[in-house]
Structure formats: structure tokens, C-alpha cells
Colleague: 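Pasting a structure here, questions to come.
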Amino acid sequence: MNEFLCFAHRGASGHEPENTLSAVETAITLGADWIEIDVYLVEKELVVFHDQRLERTTNGTGPIMEQSLEYIRSLDAGNGESIPILREVLDLVNHRAGINIELKGFGTADETVSLIHEYTTKKNWMYEEFLISSFNHHELARVKYLDPLIMTGALVVGIPIDYARFAEGLGAYSVHCNLDFINEAFVQDAHERGLKVFVFTVNNRHDLARMKALSVDGIFTNNPEIVTSRLKP
Ligand code: G3P
Ligand code: MG
């Protein structure tokens with residue numbers, strides 16, 4: 001049987017402030033196979049953050065893409081944690097898990113591919129340690145144009161009329177579907193096209209059992225321990 005993969009959603013965000021270094025470290029401690037984080041581009045730097053605006057998770061205000069990097073880095077993202085840059089997340093993970101970079105902000109594909117090239121050519125990272133995903137499929141097409149070897153995951157909410165055909169057309173490795181819509185027909189179609197299926201966001205064991213019964217290949221969760229059964233020390 002194939003391995004069932006655990007993606008820590010925004011790090012172990014059920015335990016620590018989302019998309020922070022402490023959430024990433026806790027996810028690794030809890031045994032996640034992959035760390036999922038979201039990125040925007042600010043002053044050509046990839047910053048790890050989920051929302052378009054700063055208010056929900058920090059003591060800052062305004063749209064993240066309109067701020068200076070200096071201001072963003074001065075904010076408290078919870079428990080005194082800063083908003084990390086992507087480079088800090090990679091250095092912290094340091095081969096202990098895969099990194100799923102979800103492109104949120106416009107124009108993030110180019111910088112993300114450049115960073116992956118730096119880490120694969122100069123820092124001994126493997127392509128297999130990276131998976132780039134996005135709801136913006138144009139950004140994913142751009143990734144594939146820049147480097148067809150980089151694995152991509154196409155995010156969807158709902159079931160497209162042609163099921164996973166769009167993802168096959170994008171040359172994706174996987175499709176990432178939300179828990180509310182995933183069904184057997186979609187999973188079967190994706191698998192027949194050679195695509196993996198990962199489901200977000202699965203935070204309890206009941207939904208986890210349902211997803212395993214549907215034969216999906218893994219889940220995104222705020223609580224990696226529901227998959228790994230590992231405890232925080
Ligand atoms: O990548 C899976 C999931 O993170 C997508 O939704 O809004 O949590 O980034 P969101
Ligand atoms: Mg995400």
C-alpha cells in the first residue's frame with residue numbers, strides 16, 4: 001500500500017501561530033511528512049503569510065503586499081513570533097520534511113523557482129523536497145514553463161466539470177481538493193490520470209477515516225498528530 005502523507009497546514013497551526021517558525025518546528029516534531037506554508041512577494045522577498053491583510057494574525061494593519069518588508073518583519077505574528085521569510089523556513093526544515101509552498105501573491109512563481117534553483121544547485125536540496133501549489137493555475141503554468149522538473153499541485157475548491165483533467169493539462173503532480181467537495185468520482189479520475197490527491201483541511205479523526213476510505217493520498221491538517229499519533233514532548 002502507498003504511504004499516506006501528512007501535510008502540516010500552515011505548519012502545526014493547531015498548536016502554534018500559523019505560518020511561523022514555531023509552527024514549522026512543531027510540525028516536524030509531530031512527524032509531518034510535508035510542511036505547507038503560504039507565500040507573498042514583498043520587495044522581491046518571499047514572505048510566509050496566509051491572508052491578504054495583516055489584521056487577523058498580527059498586530060499590524062493593511063494589505064501585506066502594500067507594506068515595506070521592514071514593517072512586516074517588525075510585527076508580532078503571535079506569541080512573539082515574526083512573519084518568516086521563505087528562506088528561513090527552508091533553513092529550519094533542513095531536509096527534515098518536504099516543503100509545500102502555496103503561491104498566494106501575484107508574481108510569486110518566478111522568485112520561488114529562483115529560490116528552489118539556489119537550494120538545489122548550491123545547498124544540496126532535491127527537487128523531490130519541494131511541491132509548489134496554488135489556486136492560481138496561471139502561476140503553476142509559469143512554474144512549469146520556468147522549470148518542468150518542479151512538482152506542482154493544483155488547488156481546487158469544488159469539483160470541476162472535467163474532474164482532474166485541468167491538472168493533467170498543467171503537468172501537475174497532484175490535485176489538492178477541499179474536504180467539503182471531495183468525492184469518489186474525483187479521486188478515481190485523478191488517479192486514472194496518474195495524479196495524487198491531497199485533501200484540505202482535515203482536523204479530526206472522523207474526517208481522516210472518511211478520507212482514507214476514499215483512498216486519497218494524504219491530507220492537510222492543523223493537527224499532524226491525528227495522522228502520526230506522535231505527541232509533543
Ligand atoms: O494548500 C492547502 C490549503 O492551505 C489551501 O487553502 O486557504 O488554507 O491556503 P488555504
Ligand atoms: Mg495554504
Side-chain angles (χ1 to χ4, degrees), residues 4-21 23-24 26-27 30 32-42 46-58 63-65 77-78 83-86 89-90 93 97-106 108-109 111-112 129-140 143 150-160 164 166-167 170 172-182 186-187 190 195-204 207-208 211 214 216-224 226-227:
F4 186 88
L5 295 177
C6 174
F7 289 74
H9 180 240
R10 310 179 195 174
S13 57
H15 299 271
E16 298 292 335
E18 67 182 50
N19 281 326
T20 62
L21 295 181
V24 170
T26 300
L30 292 175
D33 302 293
W34 288 82
I35 313 294
E36 188 258 3
I37 41 89
D38 309 283
V39 297
Y40 287 89
L41 197 58
V42 177
L46 290 159
V47 296
V48 176
F49 199 72
H50 179 270
D51 295 2
Q52 291 192 8
R53 295 188 62 92
L54 293 163
E55 285 85 348
R56 181 179 62 87
T57 58
T58 77
I64 187 163
M65 289 174 74
I83 296 175
I85 56 174
L86 181 55
V89 170
L90 302 192
V93 171
I99 307 201
N100 173 202
I101 304 163
E102 184 187 338
L103 308 181
K104 286 284 190 214
F106 176 75
T108 38
E111 287 301 325
T112 303
E129 295 179 271
F130 296 101
L131 175 62
I132 301 185
S133 60
S134 191
F135 288 105
N136 185 337
H137 301 162
H138 298 270
E139 293 285 340
L140 295 182
V143 169
I150 293 178
M151 295 196 298
T152 58
L155 277 154
V156 283
V157 171
I159 305 293
F166 75 98
L170 283 165
Y173 169 77
S174 51
V175 276
H176 305 179
C177 185
N178 64 320
L179 179 63
D180 292 343
F181 286 92
I182 188 78
F186 184 81
V187 176
L195 296 157
K196 301 284 187 193
V197 180
F198 304 125
V199 177
F200 62 94
T201 306
V202 179
N203 285 328
N204 62 62
D207 287 333
L208 174 63
M211 291 307 102
L214 270 184
V216 310
D217 302 288
I219 57 146
F220 296 83
T221 180
N222 300 349
N223 306 312
I226 68 169
V227 182

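Numbering starts at 1 and runs along the sequence shown. When a ligand or atom number is given, it counts from 1 through the structure's own listing order.
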Colleague: I need the atoms of ligand 1 closer than 4.0 Å to a non-hydrogen atom of K104, numbered in the order shown.
Modeller: 7 (O), 9 (O), 10 (P)
Colleague: In terms of atom number and element, which parts of ligand 1 are under 4.0 angstrom from non-hydrogen atoms of D38?
Modeller: 9 (O)
Colleague: Do the side chains of F186 and V156 get nearer than 4.5 Å, heavy atoms only?
Modeller: yes
Colleague: With side chains defined as the heavy atoms from C-beta onward, is the minimum distance between V39 and K104 less than 4.5 Å?
Modeller: no
Colleague: Going by distance alone, is a donor N or O of one side chain under 3.5 Å from an acceptor N or O of the other, for N19 and H50?
Modeller: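 Checked: N19/H50 side chains show no N/O donor-acceptor pair below 3.5 Å.
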Colleague: Before moving on, can you tell me the angle at the Mg ion (ligand 2) between the OD1 atom of D38 and the OE1 atom of E102, to the nearest 10 degrees?
Modeller: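 OD1 of D38 and OE1 of E102 make an angle of 90° at the Mg ion (ligand 2), to the nearest 10°.
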Colleague: When only distance counts, is E102 in polar contact with ligand 1, meaning an N/O pair under 3.5 Å?
Modeller: yes
Colleague: Could you tell me which atoms of ligand 1, counted from 1 in the order shown, lie closer than 4.0 angstrom to a heavy atom of R10?
Modeller: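 Reading through ligand 1 atom by atom, the close ones are 7 (O), 8 (O), 10 (P).
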Colleague: Walk me through whether I99 and L90 qualify under side-chain contact (heavy atoms from CB on, under 4.5 Å).
Modeller: CA-CA 8 Å; I99 307 201; L90 302 192; 3.0 Å; yes
Colleague: Looking at E36, which of its N, O or S atoms is the nearest one to the Mg ion (ligand 2)?
Modeller: OE2
Colleague: How does L155 reach ligand 1, if at all, at less than 4.0 Å between non-hydrogen atoms: by side chain, backbone, both, or neither?
Modeller: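 The part of L155 near ligand 1 is the side chain, not the backbone.
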Colleague: Any heavy atom of F198 sitting closer than 4.0 Å to ligand 1?
Modeller: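 Checking ligand 1 against F198, which is what was asked, there is no heavy-atom contact under 4.0 Å.
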Colleague: For the rings on F166 and H137, is their centre-to-centre separation under 6.0 Å?
Modeller: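 Ring-ring flag for F166/H137: true, centres closer than 6.0 Å.
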Colleague: Tell me, please: is H176 in heavy-atom contact with ligand 1, that is, under 4.0 Å?
Modeller: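 Distance cut 4.0 Å: H176 fails for ligand 1.
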Colleague: Hey, which atoms in ligand 1 end up nearer than 4.0 Å to a heavy atom of H50?
Modeller: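 The list of qualifying atoms is 7 (O), 8 (O), 9 (O), 10 (P).
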Colleague: Among all protein heavy atoms in this structure, tell me which lies nearest to atom 6 (O) of ligand 1, with the distance rounded to 0.1 Å.
Modeller: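 Going atom by atom, the protein heavy atom closest to atom 6 (O) of ligand 1 ends up being F135 CE1, 3.8 Å.
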Colleague: Give a yes or no on whether the ring-centroid distance for F200 and H176 is below 6.0 angstrom.
Modeller: no
Colleague: Are any of the side-chain nitrogens in R10 or E102 under 4.0 Å away from the carboxylate oxygens of its partner?
Modeller: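 E102 and R10: not salt-bridged.
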Colleague: So, regarding H9 and ligand 1 (criterion: nitrogen or oxygen to nitrogen or oxygen, under 3.5 Å), is there a contact or not?
Modeller: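 Yes, since at least one N or O of H9 sits under 3.5 Å from an N or O of ligand 1.
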Colleague: For atom 4 (O) of ligand 1, grab the closest protein heavy atom and report residue, atom and distance to one decimal in Å.
Modeller: E36 OE2, 2.7 Å
Colleague: By the definition side-chain contact (heavy atoms from CB on, under 4.5 Å), identify the one residue from I219, L208, I226, T221 that meets it with N203.
Modeller: T221
